[in-house]
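FYI, side chains are in, hydrogens and waters are out, and symmetry mates aren't considered; it's all heavy atoms of this structure.
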Amino acid sequence: GWEDLARRCPRLLFQVAGFDPDDAAAADYVAARLEEAPFAGVGSVDLHHPFGDHDPLAAGMPAVYDLLEARGLPFQFHGLTSHDPGGDFPARMLEVIAARPGLQFVWFGCPGSLPGRPANLTCVLPTDAVAGLVETGADLALDGAVVGVDTAPQGYNPPRAPIPFESFEAAVASLRDALEGLADDAVTPLATGRFDELWPPAR
């Protein structure tokens, strides 16, 4: 289970989630959780996702950003541009990111090409995006990116939104297979280097 994995792997981290971005008191909830355990920031907030759409400056978000910036912790979120092609979410999100250079943002589902990507933004490339890079040789900028997957505890795959992997192990194996096709100087930053920059092992 996850508890056993956490004991064995110091790079398995936990983030605060489960709050409503539209709730003006969201930062109070996040602050309370951060006092309870060594959470690695806030994670997997569905800002632009089939499960929920929220403005990047929804009522609860500015104070959450302030709190994380003050503590030096990153904000990781889902912003699936495939969910609403042509929508204005990417531009709105980039404005928020650029306005807060002291806060590190980690964007799962960010656009494949981000000219002038802010230094405080890390893009998460899903397995299929990495595999596509290898297959097509597409010139997708890897600078400022990490790899990531959506997975759930073994035996639990929610019917509302089936996750592409049956277990954590299967997800990791899929990532390893995808990374094998890339040069070593690209793999190390994607797989470990930038992860350790965002969440230093000593934290």
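Counting all heavy atoms, side chain and backbone alike, Leu47 lies closest to Pro56 at CD1-CA, 4.5 Å. The two residues Leu80 and Pro50 come nearest to each other via the heavy atoms CD1-CD, 4.0 Å. Shown here for Pro21 and Met61, the closest heavy-atom pair between the two residues is CB-SD, 3.6 Å. Residues Gly43 and Ala17 come closest through the heavy atom pair O-CB, 3.4 Å. Across His54 and Asp20, no two heavy atoms sit closer than the pair CE1-OD1, 3.6 Å. Taking both residues in full, the closest heavy atoms of Asp22 and Ala59 are given as O-CB, 3.4 Å, listed atom of the first, atom of the second, then distance.
In this structure a side-chain-to-backbone donor-acceptor pair under 3.5 Å is missing from Asp23 to Gly60. Looking at Trp199, its side chain never comes within 3.5 Å of a backbone N or O of Leu13 through a donor-acceptor pair. The backbone N or O of Ala170 sits nowhere less than 3.5 Å from a side-chain atom of Ser174 that would complete a donor-acceptor pair. Not one N or O on the side chain of Arg194 forms a donor-acceptor pair closer than 3.5 Å with the backbone of Val146.
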* To do: Given side-chain contact (heavy atoms from CB on, under 4.5 Å), test Phe105 with Thr122 step by step and report yes or no.
  => CA-CA 6 Å; Phe105 291 82; Thr122 298; over 6 Å; no

* To do: Evaluate side-chain contact (heavy atoms from CB on, under 4.5 Å) for Val45 paired with His78, printing each intermediate quantity in order.
  => CA-CA 6 Å; Val45 178; His78 287 136; over 6 Å; no

* For Phe77 and Phe108, what are the C-alpha separation, side-chain angles and deciding distance, and is it a ring-ring contact (aromatic ring centres under 6.0 Å, His included)? -> CA-CA 6 Å; Phe77 66 98; Phe108 191 101; 10.0 Å; no

* Would Leu67 and Leu73 satisfy side-chain contact (heavy atoms from CB on, under 4.5 Å), going step by step from the backbone distance to the final call? -> CA-CA 9 Å; Leu67 175 64; Leu73 295 169; over 6 Å; no

* Report the C-alpha distance between Val106 and Val124 in whole Å, list the side-chain angles of each, state the deciding distance to 0.1 Å, and finish with yes or no for side-chain contact (heavy atoms from CB on, under 4.5 Å). => CA-CA 7 Å; Val106 184; Val124 180; 3.5 Å; yes

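Asp66 is linked by a salt bridge (charged side-chain N to carboxylate O under 4.0 Å, His left out) to Arg100, counting only residues two or more places apart in sequence or in another chain. When the salt bridge (charged side-chain N to carboxylate O under 4.0 Å, His left out) test is applied to Arg92, the partners found at least two apart in sequence or on another chain are Asp55, Glu95. Listed by chain and residue number, nothing satisfies the salt bridge (charged side-chain N to carboxylate O under 4.0 Å, His left out) test with Asp177 (two or more places apart in sequence, or in another chain). Val147 meets the side chain to side chain contact (heavy atoms under 4.5 Å, CB included) test with Val130, Leu175, Leu179, Leu190; sequence neighbours excluded.
Pairs of residues two or more places apart, or lying in two chains, that qualify as salt bridge (charged side-chain N to carboxylate O under 4.0 Å, His left out) and include a residue from residues 31-51 are Arg33-Glu36, Glu35-Arg71. Residue pairs meeting the salt bridge (charged side-chain N to carboxylate O under 4.0 Å, His left out) criterion with at least one partner in residues 101-110, sequence neighbours excluded, are absent.
Here Leu103 contributes atom CG and Leu121 contributes atom CG; the two are 10.5 Å apart, rounded to the nearest 0.5 Å. Here Leu182 contributes atom CG and Thr188 contributes atom OG1; the two are 10.5 Å apart, rounded to the nearest 0.5 Å. His48 contributes atom NE2, which lies 11.5 Å from atom CE of Met93 (distance to the nearest 0.5 angstrom).
The aromatic rings of Tyr29 and Phe19 sit tilted relative to each other, their planes meeting at an angle between 30° and 60°. Relative orientation of the Trp107 and Phe89 rings is perpendicular, given thresholds of 30° and 60° on the angle between their planes.
For Gln15 and Ser44, the side-chain atoms include no donor-acceptor pair closer than 3.5 Å.
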